[in-house]
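Note sheet for the following structure.
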Amino acid sequence: MRILFATSEARPLIKTGGLADVSGALPVALRAIGLDCRLLLPGYPAVIAGCVDVKPVCALNGLPGDVVANLLEASMPDNGMPLYIVDAPELYQRKGGPYQDIAGHDHPDNALRFAVFSKVAAMLAASDTPLDWHPDLLHCNDWQTGLAPAYLRLSGETTPSIMTVHNLAYQGVFPRANMSLVGLPPESFAIDGVEYYGSLSFLKAGLYYADRLTTVSPSYAEEIRLPALGMGMQGLLSTRGADLVGILNGIDTEEWDPANDPHLPHKFSARSRAGKQRCKSKLQQDLNLEPNKDAPLFGVIARLAHQKGLDLILAVADGILHRGGQIALLGTGEKVLEAAFRDLGALHPGQVASVIGYDEGLSHRIEAGSDIFLMPSRFEPCGLNQLYSLRYGTIPVVHATGGLKDTVEDGVTGFVFEEPTAHALWLAVDRALRAHADKKAWKRMMRAAMSRDFSWEKSAREYEALYRSMLETA
Ligand code: ADP
């Protein structure tokens with residue numbers, strides 16, 4: 001089976017969030033079970049500089065905005081995963097991140113940038129593909145690839161497509177005036193089409209035109225059909241309910257392996273946990289926290305966004321400190337939250353360490369050195385950090401939503417609370433603190449958490465079954 005996996009970010013080349021982790025790992029897991037999966041990525045500077053074995057394939061003509069682009073083929077530097085790259089310097093070769101400039105403002109031409117990317121995905125999957133490799137199926141991810149199923153379907157192509165929603169909150173909404181720029185027929189600007197509350201939504205296009213829809217956990221697949229978490233798409237998603245499934249993400253168990261993690265000062269495993277205690281002491285030292293091995297250390301790693309419920313953590317922080325706990329936070333994002341956590345750190349030196357920034361090595365060391373991980377997300381499509389926490393024996397405290405609910409077992413591998421309120425979080429933190437004080441109970445929970453299997457192979461098999469069912473009915 002030949003699968004073209006179109007994504008706007010993939011580890012280790014370019015990452016802003018969980019999408020990059022999935023795109024870096026799922027295609028590799030699909031290849032490992034015998035599928036011929038290849039990635040399609042935009043040619044950002046980090047992608048061009050980081051990939052290997054780059055060769056030109058062809059010029060790409062007929063793109064939105066008459067953009068000049070070339071298709072390259074290359075490989076991932078770490079595992080040889082085959083890549084196609086859309087090399088369009090005027091769109092992708094610029095400073096800043098994939099979606100925003102250095103000042104944190106969206107690139108003003110994002111509609112064109114990702115219309116072109118989507119168009120190339122559709123061209124490569126079409127019957128007259130310029131490749132000597134014809135994909136059986138196009139797998140699209142998030143709004144940046146949302147127009148691809150629309151281009152395919154509206155040009156009468158029959159290659160089936162999947163739209164995977166990694167986070168419904170990001171919808172690629174642009175003014176209607178972009179319709180002619182992106183090259184969609186005016187009649188597709190309708191409820192049964194790409195129109196979304198008077199604007200053009202790239203995600204809606206994908207959700208409407210793709211043959212099948214997936215999201216990254218079974219619970220989130222249910223939640224997004226309802227108004228509370230449907231983000232305005234609930235009508236379409238419930239109409240398409242029969243085509244929508246949730247497949248839980250896995251984690252990269254080689255990258256996140258406490259027994260073999262190059263970021264850690266000491267290694268450990270479910271059977272031999274002494275290294276974890278040493279990781280904690282080293283973390284306390286590195287972050288200027290009091291060197292107290294009995295103090296329950298709470299880790300937090302997150303994009304500092306409303307979604308992640310960090311205001312709830314701020315609300316319970318005093319309670320945690322009062323009970324002798326420590327907090328180690330790593331994150332960047334909304335300025336108000338950055339300032340609030342900086343202030344908390346300044347107010348409680350030795351007890352709270354707030355590191356504002358993006359630091360992969362430190363994220364591994366916090367996962368390893370913490371006792372408890374806080375993840376009170378208001379919604380969470382799948383979530384990765386609670387999975388890393390389980391694997392590192394760091395007991396997660398999570399809100400019962402989406403993938404958090406599907407992966408953390410209350411009282412067995414973690415603590416789960418029902419309402420996204422400070423009070424409910426506090427009650428769960430209190431339970432975690434009591435359990436932490438009981439060495440036997442804590443050891444039992446750590447062992448249970450570390451024994452859970454979230455490797456990608458299981459998820460890859462579910463995607464394979466979905467692809468097969470689509471090709472049978474195509
Ligand atoms: P989301 O995709 O919504 O940000 P996930 O939990 O699915 O949330 O994935 C977040 C990923 O980004 C994880 O791999 C996490 O470790 C990483 N991450 C988030 N913030 C930081 C940071 N400041 N430094 C290092 N890694 C981070």
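Salt-bridge annotation for K405 and D410: absent, with no side-chain N of the basic residue lying under 4.0 Å from a carboxylate O of the acidic one. For R11 and D78, the salt-bridge test fails: no basic side-chain N is under 4.0 Å from an acidic carboxylate O. Ion pairing between a basic and an acidic side chain is recognised when a charged N comes within 4.0 Å of a carboxylate O; R391 and E367 show no such pairing. Under a 4.0 Å N-O distance rule, the pair R38/D36 qualifies as a salt bridge. Salt bridge present: D21 and K15 bring a charged side-chain N and a carboxylate O closer than 4.0 Å. Under the 4.0 Å criterion applied to side-chain N and carboxylate O atoms, R365 and D261 are not assigned as salt-bridge partners. Under the 4.0 Å criterion applied to side-chain N and carboxylate O atoms, K308 and E380 are assigned as salt-bridge partners.
Relative orientation of the Y92 and Y44 rings is perpendicular, given thresholds of 30° and 60° on the angle between their planes. Ring orientation note: the planes of Y99 and F114 are tilted relative to one another, at an angle of 30° to 60°.
With hydrogens and angles ignored, the 3.5 Å screen pairs a side-chain donor or acceptor of D406 with a backbone N or O of S219. Using modelled atom types, one side-chain atom of S155 and one backbone atom of Y151 make a donor-acceptor pair closer than 3.5 Å. Remark: the backbone N or O of S269 is not paired with any side-chain donor or acceptor of Y392 at under 3.5 angstrom. At least one donor-acceptor pair under 3.5 Å links the side chain of Q171 to the backbone N or O of L168. Side-chain atoms of D136 come within 3.5 Å of backbone N or O of R2 as a donor-acceptor pair. Checked by atom type and distance alone, the side chain of R378 pairs as donor or acceptor with a backbone atom of H306 at under 3.5 Å. Between the side chain of S459 and the backbone N or O of L248, at least one donor-acceptor pair lies under 3.5 Å. Proximity of a side-chain donor or acceptor of D359 to a complementary backbone N or O of L362 within less than 3.5 Å is detected. For S238 (side chain) and G241 (main-chain N/O), no donor-acceptor pair under 3.5 Å exists by modelled atom type. A donor-acceptor contact shorter than 3.5 Å is absent between the side chain of E457 and the backbone of I33.
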Stepwise side-chain contact (heavy atoms from CB on, under 4.5 Å) check, F415 with I372: CA-CA 10 Å; F415 296 93; I372 298 166; over 6 Å; no
Audit row: T394, S389, side-chain hydrogen bond (donor to acceptor under 3.5 Å, both in side chains) steps and yes/no: CA-CA 5 Å; T394 301; S389 299; 5.6 Å; no
Derivation and outcome, side-chain contact (heavy atoms from CB on, under 4.5 Å), residues K119 and L147: CA-CA 7 Å; K119 181 74 178 186; L147 292 191; over 6 Å; no
side-chain contact (heavy atoms from CB on, under 4.5 Å) between D211 and R153, intermediate numbers included: CA-CA 9 Å; D211 296 276; R153 179 78 66 81; 3.8 Å; yes
Check against side-chain hydrogen bond (donor to acceptor under 3.5 Å, both in side chains), N167 and Q307: CA-CA 11 Å; N167 190 336; Q307 173 199 340; 3.3 Å; yes
Intermediate values then yes/no, side-chain hydrogen bond (donor to acceptor under 3.5 Å, both in side chains), H107 and D101: CA-CA 6 Å; H107 294 301; D101 62 20; 5.6 Å; no
side-chain contact (heavy atoms from CB on, under 4.5 Å) between V165 and L213, intermediate numbers included: CA-CA 8 Å; V165 179; L213 313 177; 6.0 Å; no
Chi angles and distances behind the side-chain hydrogen bond (donor to acceptor under 3.5 Å, both in side chains) call for S118, Q144: CA-CA 7 Å; S118 297; Q144 296 88 345; over 6 Å; no
Salt bridge (charged side-chain N to carboxylate O under 4.0 Å, His left out) between D106 and R113, intermediate numbers included: CA-CA 12 Å; D106 285 355; R113 295 173 76 232; over 6 Å; no
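Under the 3.5 Å distance criterion, with hydrogens and angles disregarded, a donor-acceptor pair is assigned to the side chains of T16 and E9. The closest side-chain donor-acceptor pair between Q386 and T407 falls under 3.5 angstrom.
For the residue pair P27 and M81, the shortest heavy atom distance occurs at CB-CE, 3.4 Å. The heavy-atom pair separating T159 from P135 by the smallest distance is CG2-O, 3.9 Å. Across all non-hydrogen atoms, the minimal contact from G414 to M445 is N-CE, 3.4 Å. Nearest heavy-atom pair, T421 versus L312, reported as atom, atom and distance to 0.1 Å: C-CD2, 4.0 Å. Of all non-hydrogen atoms in S161 and P149, the two that sit nearest each other are OG-CB, 3.5 Å. Among all heavy-atom pairs drawn from G50 and L13, the shortest one is C-CD2, 3.5 Å.
For the atom pair CG of L404 and OH of Y220, the computed distance is 11.5 Å after rounding to the nearest 0.5 Å. Put simply, CG on L329 and CG on L304 are 6.0 Å apart, with the number rounded to the nearest 0.5 Å. Here the straight-line distance linking atom OG of S8 with atom CG of L19 works out to 5.0 Å at 0.5 Å rounding. To the nearest 0.5 angstrom, Y388 atom OH is 6.5 Å from I251 atom CD1.
Y209 is linked by a ring pair (Phe, Tyr, Trp, His ring centres under 6.0 Å) to nothing, counting only residues two or more places apart in sequence or in another chain. Under the salt bridge (charged side-chain N to carboxylate O under 4.0 Å, His left out) criterion, E419 pairs with no residue, sequence neighbours left out. By the salt bridge (charged side-chain N to carboxylate O under 4.0 Å, His left out) test, E464 pairs with R461, R468, sequence neighbours left out.
No option in I395, V300, I301, V398 other than I301 meets the side chain to side chain contact (heavy atoms under 4.5 Å, CB included) test with F373.
Counting heavy atoms from C-beta on, the side chains of H399 and M375 never come closer than 4.5 Å. The shortest side-chain heavy-atom distance between D142 and T7 does not fall under the 4.5 Å cut-off. In this structure, the side chains of L26 and Y463 come closer than 4.5 Å at one or more pairs of heavy atoms. Side-chain contact check for L200 versus M179: some heavy-atom pair is nearer than 4.5 Å. With a 4.5 Å cut-off on side-chain heavy atoms, L83 and M76 count as touching. The side-chain heavy atoms of F202 and Y170, taken from C-beta on, include no pair separated by under 4.5 Å. The shortest side-chain heavy-atom distance between D87 and I48 falls under the 4.5 Å cut-off. Under the 4.5 Å side-chain criterion, counting only non-hydrogen atoms from C-beta, S363 is in contact with W256.
Judged by the 6.0 Å distance and 45° axis criteria, K204 is not positioned over the aromatic ring of Y196.
Taking the ring centroids of H139 and Y467, they lie under the 6.0 Å cut-off. For an aromatic pair to be called close, the ring centres must be under 6.0 Å apart, and F174 with W143 satisfies this.
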